[in-house]
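Structure first, commentary second.
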Amino acid sequence: MLDDMTSRLTDRITDPGLLPVKGDFSGDGRLAVRDPATGELIAQVGISDATGARAAVDAAQTAFAGWSMTLPQHRAQVLHRWHAMILDAKEDLARIMVAEQGKPISEARGEIDYAASFVQFYAEEALRPNIEGVTSHLPDAEMELWREPVGVAALITPWNFPCAMITRKAAAALGAGCTVVIHPSAETPLSALALSELARRAGFPEGVVNTVIGDAATIVGEWTADARVRALSFTGSTEVGRLLYRQSADTVKRLVMELGGHAPFIVFKGADLDRAVTEGIKAKFATSGQDCLGANRFYIQREIYDEFCAKFTAAVQGLTLGHGMDDPDIGPLIHDRQIDKQNAHVQDALAKGARLLTGGGVDQDKGPLFFQPTVLADVTDEAAIMSEETFGPVAALSVFDDEDEVFARANATEYGLVAYVHSLDPRRIYRATRALQYGMVAVNRTKVTGAPIPFGGMKQSGIGREGARQGLEAFTEIKYICRDWG
Ligand code: NAD
């Protein structure tokens with residue numbers, strides 16, 4: 001089912017220096033990439049070891065001298081070409097993504113547009129002034145602040161958005177004048193290699209963009225220990241984020257961490273209920289539930305609870321499950337650990353008093369990685385699903401009585417990425433947006449992301465922001481110049 005581009009790419013990326021490493025690897029030491037919907041082997045990818053990881057930093061460090069001194073106009077031009085090539089290859093990239101990640105094809109196409117939008121945004125942002133004057137406090141001195149690229153940036157990305165998480169980081173770093181070493185997740189190397197190949201064709205000089213596939217701990221461990229890597233931008237779980245935070249301490253790297261989420265979805269009485277149901281379906285089931293912005297906990301005010309449960313369950317029962325190329329609502333989960341987690345959260349919630357309204361397990365007719373869209377009602381705060389990221393198509397519904405109660409329950413978590421609020425009362429909306437300890441608050445809607453906004457979380461959902469002007473901060477240093485003409 002994969003087209004010409006994939007086979008050309010997989011030919012090109014098979015390299016002779018293969019080593020056996022941890023992960024889903026075939027006997028000959030290559031990384032096996034499988035279609036999660038069918039289990040079919042779709043490619044075998046050459047992998048690197050610690051030597052390869054070091055060689056990538058060598059190349060990036062050498063290229064930095066030239067790339068960081070190019071005119072911003074030049075960097076913008078190359079980024080614009082990359083942007084155009086990503087859009088030209090949209091169908092190829094979307095199909096590659098469906099094949100290795102499993103998401104529905106229309107979501108994959110949407111992700112390519114989203115991924116490309118960061119490249120366009122930072123092509124334009126590269127041209128903005130990066131020098132600021134300072135009103136002098138010293139006689140005869142004149143002062144300026146320059147923003148300079150930090151150096152080599154390591155970019156570590158997850159499998160749930162295999163293209164957008166790369167471009168959101170890489171376009172900012174490259175636009176700022178950094179060179180990059182990229183390590184994608186072992187589940188989705190083909191999307192990363194395709195983007196990297198398009199970057200080469202767009203004209204990034206040798207060594208500016210380097211993608212390294214292999215055992216994550218080995219590759220990333222090499223980079224965190226390397227003092228030449230000046231910034232590390234990570235998107236993934238809070239658990240691995242903590243580890244990389246510690247590993248980066250010895251070389252005092254600039255850090256961006258986009259980590260886990262555990263979004264509350266709050267519906268107050270008086271809200272547009274049909275709209276809340278529609279937006280709730282999007283917030284829970286997009287990316288088959290495997291989304292850091294996924295609504296994990298639904299808090300519904302008592303007066304509308306039964307009606308919401310009924311309408312939401314009916315909507316969930318209408319969702320389709322299938323292979324991503326058939327464009328269902330929900331595709332397969334990425335691997336069996338994800339299935340185990342859904343089962344564990346459902347069984348735990350039921351044991352603690354929840355009621356199963358629909359779904360509840362694997363759809364065996366579809367295959368072992370297809371989990372039925374599931375709704376649980378009357379879920380108690382003691383259930384694991386109310387405090388842990390589920391990262392799958394299981395919705396937990398719970399009732400609340402008043403504002404103070406729901407704000408306290410929504411904030412009782414180590415996470416703080418996004419919160420959803422549904423209400424038509426402006427004062428209530430104001431109080432909610434003030435009270436919720438989240439980096440992003442969505443009111444009466446689900447889609448809030450895009451290149452112009454600073455994406456990121458509070459508490460242990462992350463450090464720093466991606467997208468917008470703020471997305472450049474980790475990749476640049478401020479140099480203060482104080483001149484006296486004597
Ligand atoms: P993960 O933490 O397992 O892996 C993310 C990346 O880290 C991958 O490239 C992986 O190869 C690498 N990695 C894994 N173990 C490592 C180790 N020991 N040392 C070094 N690198 C290691 O996360 P995942 O399962 O790929 O993605 C799901 C998680 O990502 C969820 O928690 C989700 O909320 C989060 N996420 C966050 C955002 C955001 O922007 N905040 C976006 C997407 C996903």
Side-chain angles (χ1 to χ4, degrees), residues 21-25 31 36 45 47-48 50 53 100-101 103 111 114-115 118 154-169 181-189 191-192 211-225 229 232-248 255-263 286-296 333-338 340-341 388-392 413-418 438-440 448-450 453-467 471:
V21 292
K22 284 181 283 172
D24 185 9
F25 296 94
L31 173 59
V45 178
I47 55 170
S48 300
E100 65 180 356
Q101 203 278 345
K103 66 176 66 180
E111 183 179 338
Y114 182 52
F118 291 104
L155 315 179
I156 324 297
T157 57
W159 46 261
N160 62 341
F161 287 94
C163 284
M165 295 303 96
I166 291 177
T167 57
R168 194 166 75 178
K169 298 175 189 306
V181 291
I182 302 169
H183 174 73
S185 180
E187 287 82 358
T188 53
S191 295
T211 298
V212 182
I213 314 290
D215 172 59
T218 308
I219 305 296
V220 181
E222 191 62 37
W223 293 347
T224 51
V229 175
L232 182 131
S233 177
F234 171 75
T235 297
S237 60
T238 296
E239 188 189 359
V240 175
R242 284 190 196 108
L243 176 78
L244 301 187
Y245 200 174
R246 278 196 292 273
Q247 287 181 8
S248 299
L255 291 177
V256 183
M257 299 251 156
E258 298 293 352
L259 307 178
H262 188 49
T287 329
S288 311
Q290 303 175 117
D291 194 327
C292 56
L293 300 182
N296 227 72
L333 301 189
I334 193 81
H335 44 49
D336 50 9
R337 295 191 300 287
Q338 284 287 101
D340 294 345
K341 189 157 199 189
E388 293 172 18
E389 191 178 26
T390 307
F391 226 55
T413 169
E414 69 191 31
Y415 296 106
L417 190 57
V418 66
Y438 286 81
M440 298 175 281
V448 291
T449 54
I453 67 106
F455 184 107
M458 293 182 178
K459 299 198 229 169
Q460 294 183 44
S461 281
I463 300 170
R465 294 293 182 268
E466 287 188 338

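Order of appearance sets the numbers: ligands from 1, and atoms from 1 within every ligand. The shown structure was predicted, so the numbers you read here are calculated from the model rather than taken from an experiment. We count residues from 1, following the sequence as given.
The aromatic rings of His262 and Tyr415 sit tilted relative to each other, their planes meeting at an angle between 30° and 60°.
Residue pairs that meet the salt bridge (charged side-chain N to carboxylate O under 4.0 Å, His left out) test with at least one member in residues 156-167, sequence neighbours left out, do not exist here.
Residues meeting the side chain to side chain donor-acceptor pair (under 3.5 Å) test with Lys169, sequence neighbours left out: Ser233, Thr235, Glu466. By the side chain to side chain donor-acceptor pair (under 3.5 Å) test, Thr449 pairs with Lys447, sequence neighbours left out.
Each of Thr211, Thr157, Thr188, Leu155 was compared with Ile166 under the side-chain contact (heavy atoms from CB on, under 4.5 Å) criterion, and only Thr157 meets it.
Side-chain polar atoms of Gln290 and Ser288 form no donor-acceptor pair below 3.5 angstrom.
Listed as neighbours of ligand 1 are Ile156, Thr157, Pro158, Trp159, Asn160, Met165, Arg168, His183, Pro184, Ser185, Ala216, Ala217, Val220, Phe234, Thr235, Gly236, Ser237, Val240, Leu243, Leu244, Glu258, Leu259, Gly260, Gly261, Cys292, Glu389, Phe391, Leu417, Phe455, each bearing a heavy atom under 4.0 Å from the ligand.
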